[in-house]
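See below for the structure under consideration.
We name chains A, B, ... by the order of the sequence lines, and we start the count at 1 in each one. Note that these values count all heavy atoms, side chains included, but never hydrogens, waters or copies made by symmetry.
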Protein chains: 2
Amino acid sequence: MVRKPAKSHVKPDVKAASTRKPNMREAILAAAEELFSTYGFNAVSVRDIAQAAGANPGSVTYHFKTKDGLLLEIYRRHCGPMNRRRSELLAAARRVRDLQDRLEAIVRAYVLPAFTSGSDLAGGGTRFTRLRAIMSAEGNEVVRKIIAQTFDDTSHAFIDAIHESLPHIPRTDLVWRGHFLLGALYYTLVTPERVSRLSRGSADGTDAGHAIEELVRATVAALQAPPLDQPRKAAGASPGRALT
Amino acid sequence: MVRKPAKSHVKPDVKAASTRKPNMREAILAAAEELFSTYGFNAVSVRDIAQAAGANPGSVTYHFKTKDGLLLEIYRRHCGPMNRRRSELLAAARRVRDLQDRLEAIVRAYVLPAFTSGSDLAGGGTRFTRLRAIMSAEGNEVVRKIIAQTFDDTSHAFIDAIHESLPHIPRTDLVWRGHFLLGALYYTLVTPERVSRLSRGSADGTDAGHAIEELVRATVAALQAPPLDQPRKAAGASPGRALT
DNA sequence: TGAATATTTGGACGATAGTACAAATATGGT
DNA sequence: ACCATATTTGTACTATCGTCCAAATATTCA
C-alpha cells in the first residue's frame, strides 16, 4: 500500500466485522474487498490483505493462487446476487401501471441493489459498488471482461425497460443517460464526503437513503428530457405531455 | 506499470506528440500526464514515464524531486487555465437573458473546459479531466488537498449561479445534482467505449461534442426536477411552471 | 487413534519500486 | 576559449512487490 493514513498500530478489525468464524478464506475475502474498495487494486498489497485478515501472506496464495484470482473471486461472489436482485426489482417495476411511477420504479430497481446487494456482510452492496467504481477508473484488465459479459446484459434489459416507458426518446439518448446514471452512482460512492462539504453544514451526508432518492429523482428527470434532435424549449420537457 | 497491453516494441511517441523541442522537462510532464490518465497513478512507475519521454529515470527526480511532485506539477499546470476559462464562461452565461438559456449556458460553462481546457497539447483538457477522474477514484492523498482548495471555490460559484436561475429548488438538491454531473462527466471520460458498446452500432462514440451535448441536456433536466420535498407528479416537473 | 488431507506458517526468490548521488556532458555568458 | 551552471547519465541503495515452497500444524474420517 503506497501511502495511507497512519493505522499501523490498530488491530486488524476486518475479520472481527465478519462472522467471526475461523474461516480464513472468508476473512481474507472480506479484508481484500474492504481494502480494494478503499485504496484501489494496485495500491493494496497481498501482505496488506493478509495482515488485515489476521492471516499469513502465504495463505492468500494458497486459497486464491494469485492477486488477480482474489479479485475475480470477489466479483463472482457479488455479481450473481446483485444482478438477480436487479432482475427481481425490474420485473416488479415493469408491472407498475402508472407510466411515471413505472419509470421511477425502473430506475430504483437499478440503483437500489448497488447499495444493498446481497452479501452477508453489513454494508456489502456499497462496498462492492465502490470497488467496481475504482476498478472502472483504473481500467483493470481482469475486471473489464467480467463487466462486459456480466453487466451489459443487465444494462440492456434496463435500457429496454426504460425505452418502453419513454418510446418517443431515441435509444441512443437513453443509453447516454443510463451511462450518466452509472457515473453519478459510482462517484457518489467513491467520494462520500464531497456532497456534505459543498452543502452548507447540513446533515452528515452519509445517509445512503437520501442519496438514493436524490439520484433517482435526478435520473428520472434526465431520462424524460427531450432528445437532442428536439428543441429543448416550449413544453417539451413536461412529463405530462411527453408520456402521453 | 503492473500490466498493460503489449507495447514494448513501439517507440515512445509521447515526446514526438509534444512540441519536439529538446525540453526534457516538458516531455516528462507530457508523458506522465498521458500515462497517469490512462493507467492511474499507482500503476505507473517513474521508469515508465522516463522511458516514454525518452529520458533517464534520474532526470525525473532532478526536475520534480519525487513522483508526487510530478503529479503536483501536472495539476498546477492545468488548474489555473481551466478554472480561468470556467470563470469567463460563467460570467458570460450569467448575462444571458432567458432563464432557460441561462441555465444551459451555466452548465455548459462548467462542462466545456473539462474537454477543451488550455493546454498546448492536443486534447489536453480531456486528458487532464480523465486524470482527475482516476485520482478521485484512487483517493490519492496528494490530490485531495489541491482539489479541495482549488475546485471547491469554482463549484460554489457554479452552485450559486444555478441557484439564482432555480431559486425555488433548495441548495442541497442542487449540490447533489452538481455532484452527479461531475460523476457523469468523469465516468464518460474514463470509459469512452462503453456508450458505443451499449448503443446498437451507431457512431464511433468518441465524438466529444456529442457527449457534451448529451451531458448538458440531461443535466439541465435533472437540475430542473422538483426537489425531494415536493411531489414529483402533476405539473411540478414542467420548466414552464417551475421557472415562473 | 492413526493416517490422509487441508491449511497455515515463515522464509526465500527474483523483479521492480522510489529515490539518491557522483560522474559525465551540455549550455550560456564573458 | 573558459568557467560556472544546468542538465543528463549510470548506477546503486533499500524497501516492497507477487509468488513460491518445504516444513509445521490442524482437521477429518475410517
How close or far is atom [atom2] of [N] from atom [atom1] of [X], stated in whole angstroms?
{"X": "Leu70(B)", "N": "dT19(C)", "atom1": "CG", "atom2": "C1'", "answer": "14 Å"}
{"X": "Phe64(B)", "N": "dG18(C)", "atom1": "CZ", "atom2": "C1'", "answer": "16 Å"}
{"X": "Leu71(A)", "N": "dG18(D)", "atom1": "CG", "atom2": "P", "answer": "13 Å"}
{"X": "Tyr39(A)", "N": "dT16(D)", "atom1": "OH", "atom2": "C1'", "answer": "18 Å"}
{"X": "Asp48(A)", "N": "dT16(D)", "atom1": "CG", "atom2": "C1'", "answer": "10 Å"}
{"X": "Arg25(B)", "N": "dT8(D)", "atom1": "CZ", "atom2": "C1'", "answer": "15 Å"}
{"X": "Lys65(B)", "N": "dG18(C)", "atom1": "NZ", "atom2": "C1'", "answer": "12 Å"}
{"X": "Ile49(B)", "N": "dG18(C)", "atom1": "CD1", "atom2": "C1'", "answer": "11 Å"}

Just N and O in the side chain of Ser45(B): are any of them under 4.0 Å from OP1 or OP2 of dA17(C)?
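Yes.
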If only side-chain N and O atoms of His63(A) are considered, is one of them under 4.0 Å from the OP1 or OP2 phosphate oxygen of dT8(C)?
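For His63(A), the contact criterion (side-chain N or O under 4.0 Å from OP1 or OP2 of dT8(C)) is met.
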Assess Arg132(A) against Phe151(A): is NZ or CZ under 6.0 Å from the centre of the six-membered ring, and within 45 degrees of the ring's axis?
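Judged by the rule, Arg132(A) and Phe151(A) form a cation-pi pair.
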Partners meeting side chain to side chain contact (heavy atoms under 4.5 Å, CB included) with Thr38(B) (sequence neighbours left out):
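In terms of side chain to side chain contact (heavy atoms under 4.5 Å, CB included), with neighbours along the sequence ignored, Thr38(B) is linked to Glu34(B), Arg130(B).
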Taking only residues two or more places apart in sequence, or in another chain, which ones meet Arg108(B) in a side-chain hydrogen bond (donor to acceptor under 3.5 Å, both in side chains)?
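With neighbours one apart ignored, the set is Glu104(B), Glu213(B).
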I'd like to check the side-chain hydrogen bond (donor to acceptor under 3.5 Å, both in side chains) partners of Arg177(B); sequence neighbours left out, ordered by chain and number.
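Arg177(B) satisfies side-chain hydrogen bond (donor to acceptor under 3.5 Å, both in side chains) with no residue once adjacent residues are dropped.
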By ring pair (Phe, Tyr, Trp, His ring centres under 6.0 Å) - contacts of Phe64(B) (at least two apart):
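Checked Phe64(B) against ring pair (Phe, Tyr, Trp, His ring centres under 6.0 Å); zero matches.
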Taking N or O atoms only and anything under 3.5 Å, show me the protein contacts with nucleotides 9-11 of chain C, one pair per line.
residue	atom	partner	partner atom	Å
dT9(C)	OP2	Asn56(A)	N	3.3
dG10(C)	N7	Asn56(A)	OD1	3.1
dG10(C)	N7	Asn56(A)	ND2	3.2

Qualifying salt bridge (Lys or Arg N to Asp or Glu O under 4.0 Å) pairs with a residue from residues 53-69 of chain A, counting only residues at least two apart or across chains:
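Residue pairs with at least one partner in residues 53-69 of chain A: there are none.
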